[in-house]
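What follows is a short report on a single structure.
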Amino acid sequence: MPPSSATKNKNRILPEDGGRPALLLDWYDRHRRRLPWRPPAGERADPYRVWLSEIMLQQTGVKTVGPYFEKFVARWPDVDALGSASLDDVLRMWAGLGYYSRARNLHACAVAVRRDHGGVFPDIEESLRALPGIGPYTAAAIAAIAFGRRTMPVDGNIERVVSRLFAVEEPLPQAKPLIQRLAATLLGAGDAESRAGDVKARAGDVKSRAGDSAQALMDLGSSICTPKKPACALCPLNEDCVSRARGDQETFPRKAPKKAGELRRGAAFVVTCGNELLVRTRPEKGLLGGMTEVPTSDWRAAQDDKASLTQAPVLNGVARWHRKAGVVTHVFTHFPLELVVYTANIPARGRAPEGMRWVPIATLKDEALPNVMRKVIAHGLGE
DNA sequence: TAAACGTGGTA
DNA sequence: TTACCAAGTTT
């Protein structure tokens with residue numbers, strides 16, 4: 001149970017919400033970060049930019065996203081432009097950012113907004129939630145930040161802030177519904193007259209400053225209420241924080257440790273002919289879906305180099321494989337990978353094997369190459 | 001419901 | 001260095 005502010009301080013009459021929403025917004029007005037997708041204080045955010053940034057920011061740091069966001073809005077200034085682009089162009093621009101299903105869903109979402117919503121983002125959480133790549137968090141974030149709807153998106157930052165503020169003992173992810181309810185208490189009251197679906201609701205929605213409240217919690221989580229060594233002395237909610245009062249704030253949120261994935265091994269084949277490289281496109285679904293790669297063997301926990309070599313592409317029997325010294329290592333979310341690299345330089349560039357193609361090495365930077373493949377190619381082409 | 005899904009930063 | 005974390009969604 002959250003502490004009752006009324007009982008906490010008997011000498012003051014506090015609002016039902018304990019005054020936390022006001023403290024939070026006051027802090028935000030003084031400390032809000034300037035970010036590429038944020039308009040100046042007080043200005044309405046562009047739904048397209050909010051959506052694009054929210055998709056990119058899923059499990060991805062602000063610093064990493066910055067340059068990608070700028071590239072995207074420069075090339076595709078609105079959702080209509082993005083929906084008119086080819087999926088391949090979008091994947092190429094996304095290469096290196098990771099979680100590539102996001103790029104596919106991004107494109108599919110832009111197409112759907114054009115086709116089903118007249119090129120305008122719906123301003124209702126439920127309709128947003130129905131679009132590709134938009135889950136519960138992102139729907140609430142867009143509704144609150146771009147449209148002023150009175151709803152509270154809950155991301156990893158807010159889970160941490162709220163679980164500490166109220167000392168939520170239930171572990172994640174079971175605690176999500178409880179944290180969602182507690183987080184919503186940090187929204188301003190809005191207009192008592194407002195009702196969902198009512199035209200008047202907009203006035204109440206805007207009054208609650210839901211978007212600013214959510215972003216305030218996220219800024220708080222990233223700069224003050226950090227995972228380790230939180231700067232509680234600077235926190236606008238510190239007097240209200242249950243875990244801080246007990247001194248065990250760093251132990252929240254409660255979470256079961258996750259098991260590490262098993263190392264997988266395989267071989268990658270860097271085949272050149274003059275200034276061209278042999279590549280192929282991965283299947284649409286699954287790991288690195290739709291991205292470009294050099295041919296590789298399977299990646300398995302129990303894989304030896306000899307078995308890998310038997311899976312080399314067949315190049316009219318002319319290929320002389322050279323085992324490159326060392327290995328390329330890469331860590332995915334759910335398993336680490338170790339690839340040995342074989343190279344071959346063939347004299348005459350015959351037809352590429354089934355499902356593969358030759359690309360000029362000079363244009364590789366324009367390919368939809370995930371970072372693991374950039375590492376492999378750099379290793380194979382290096383000294 | 002739990003596992004799949006990238007990459008880079010931080011301690 | 002290992003381990004965790006980052007504005008989660010999909011299946």
Side-chain angles (χ1 to χ4, degrees), chain A residues 32-33 35-38 45 49-69 91 94-106 108-109 128-146 152-161 172-174 176 180 183 211 213-223 225-230 250-253 255-264 282-291 293 299 329-337 368-375:
Chain A
R32 103 199 251 284
R33 289 179 291 177
L35 299 171
W37 43 89
R38 269 186 196 172
R49 294 167 69 92
V50 173
W51 163 71
L52 180 60
S53 65
E54 288 299 341
I55 301 298
M56 288 182 165
L57 287 162
Q58 288 168 6
Q59 301 291 286
T60 309
V62 163
K63 205 175 198 172
T64 305
V65 165
Y68 282 88
F69 178 82
L91 285 176
W94 194 276
L97 197 52
Y99 283 139
Y100 298 102
S101 67
R102 288 186 297 173
R104 302 184 150 274
N105 287 144
L106 184 84
C109 183
L128 288 163
R129 176 68 184 81
L131 289 164
I134 297 183
Y137 162 77
T138 305
I142 297 172
I145 297 169
M152 179 61 86
V154 178
D155 72 333
N157 283 309
I158 299 182
E159 281 178 348
R160 185 172 59 257
V161 172
L172 287 168
Q174 293 77 17
K176 277 176 183 289
Q180 174 73 63
S213 300
Q215 293 177 94
L217 285 174
M218 292 188 246
D219 281 14
L220 198 58
S222 74
S223 62
C225 196
T226 49
K228 291 172 185 171
K229 299 197 181 303
E250 254 192 90
T251 67
F252 292 91
K255 195 180 293 190
K258 55 187 99 173
K259 51 204 167 215
E262 192 177 5
L263 172 69
R264 300 184 199 178
R282 292 179 62 88
E284 286 194 13
K285 300 264 183 183
L287 188 68
L288 306 173
M291 302 298 284
E293 67 173 2
W299 305 344
T329 61
H330 191 77
V331 181
F332 293 102
T333 305
H334 49 303
F335 67 91
L337 175 66
L369 279 175
N371 280 4
V372 60
M373 285 300 145
R374 292 182 188 268
K375 286 188 202 175

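For the numbers below, each heavy atom of this structure counts, side chains included, while hydrogens, waters and symmetry mates do not. Letters go in sequence order (proteins before strands), and every chain restarts at 1. No experiment lies behind these values; they were computed from the predicted model shown.
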Can any side-chain N or O of A:S53 pair as donor or acceptor with the backbone N or O of A:V50 at less than 3.5 Å?
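Checked: pair present.
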With rounding to whole Å, what would you report as the distance between B:dG6 and C:dT1 at their P atoms?
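Rounded to whole Å, the distance is 25 Å.
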Integer angstrom distance from the C1' of B:dT1 to that of C:dT10
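Each nucleotide's C1' atom is 13 Å from the other's.
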So [X], base contact, sugar-phosphate only, or nothing? Heavy-atom distance under 4.0 Å.
| X | result |
| --- | --- |
| A:W51 | nothing |
| A:L288 | sugar-phosphate |
| A:R374 | nothing |
| A:V372 | sugar-phosphate |
| A:K259 | sugar-phosphate |
| A:G289 | nothing |
| A:G221 | nothing |
| A:L35 | base |

Output all residues satisfying salt bridge (Lys or Arg N to Asp or Glu O under 4.0 Å) with [X], sequence neighbours left out; order by chain, then residue number.
| X | value |
| --- | --- |
| A:R32 | none |
| A:E284 | A:R104 |
| A:K176 | A:E159 |
| A:R282 | A:E293 |

Going by ring pair (Phe, Tyr, Trp, His ring centres under 6.0 Å), name the residues that satisfy it together with A:Y68, two or more places apart in sequence or in a different chain.
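For A:Y68, no residue satisfies ring pair (Phe, Tyr, Trp, His ring centres under 6.0 Å) once neighbours in sequence are set aside.
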If you find the nucleotide of DNA chain C closest to A:Y99 and the one closest to A:K258, which residue's nucleotide is nearer the 5' end?
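Looking at the nearest nucleotide for each, A:K258 comes out on the 5' side.
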Spacing of OH belonging to A:Y99 relative to CD belonging to A:Q59, to within rounding of 0.5 Å:
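A:Y99 atom OH to A:Q59 atom CD measures 5.5 Å (nearest 0.5 Å).
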Polar atom pairs between nucleotides 9-11 of chain C and protein, under 3.5 Å, N or O only, would you list them?
from, atom 1, to, atom 2, distance (Å)
C:dT9, OP1, A:G135, N, 2.8
C:dT9, OP1, A:G135, O, 3.3
C:dT9, OP1, A:T138, N, 3.0
C:dT9, OP1, A:T138, OG1, 2.8
C:dT9, OP2, A:Y137, N, 3.3
C:dT10, OP1, A:G133, N, 2.6

For A:K375 and for A:P173, find the nucleotide of DNA chain B with the closest heavy atom, then tell me which residue's nucleotide is more 5'.
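Between the two, 5'-proximity favours A:P173.
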Could you check A:G98 against A:K229 and say which one's nearest nucleotide on DNA chain B is further toward the 5' end?
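Mapping each residue to its closest nucleotide by heavy atoms, the 5'-most match is A:G98.
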With A:S222 via side chain to side chain donor-acceptor pair (under 3.5 Å) - residues at least two apart
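By the side chain to side chain donor-acceptor pair (under 3.5 Å) rule, A:S222 matches A:R33.
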Checking A:T251 now: which residues fulfil side-chain contact (heavy atoms from CB on, under 4.5 Å) with it, not counting sequence neighbours?
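Per chain and number, A:T251 pairs via side-chain contact (heavy atoms from CB on, under 4.5 Å) with A:D248, A:R254.
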Short side-chain N/O contact to C:dA6 OP1/OP2 from A:Q59, under 4.0 Å:
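So the side chain of A:Q59 is outside the cut-off, no N or O lying under 4.0 Å from OP1 or OP2 of C:dA6.
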Outermost nucleotides of DNA chain B that come under 4.0 Å of a non-hydrogen atom of chain A
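Range of nucleotides touched by chain A: B:dA3 to B:dG8.
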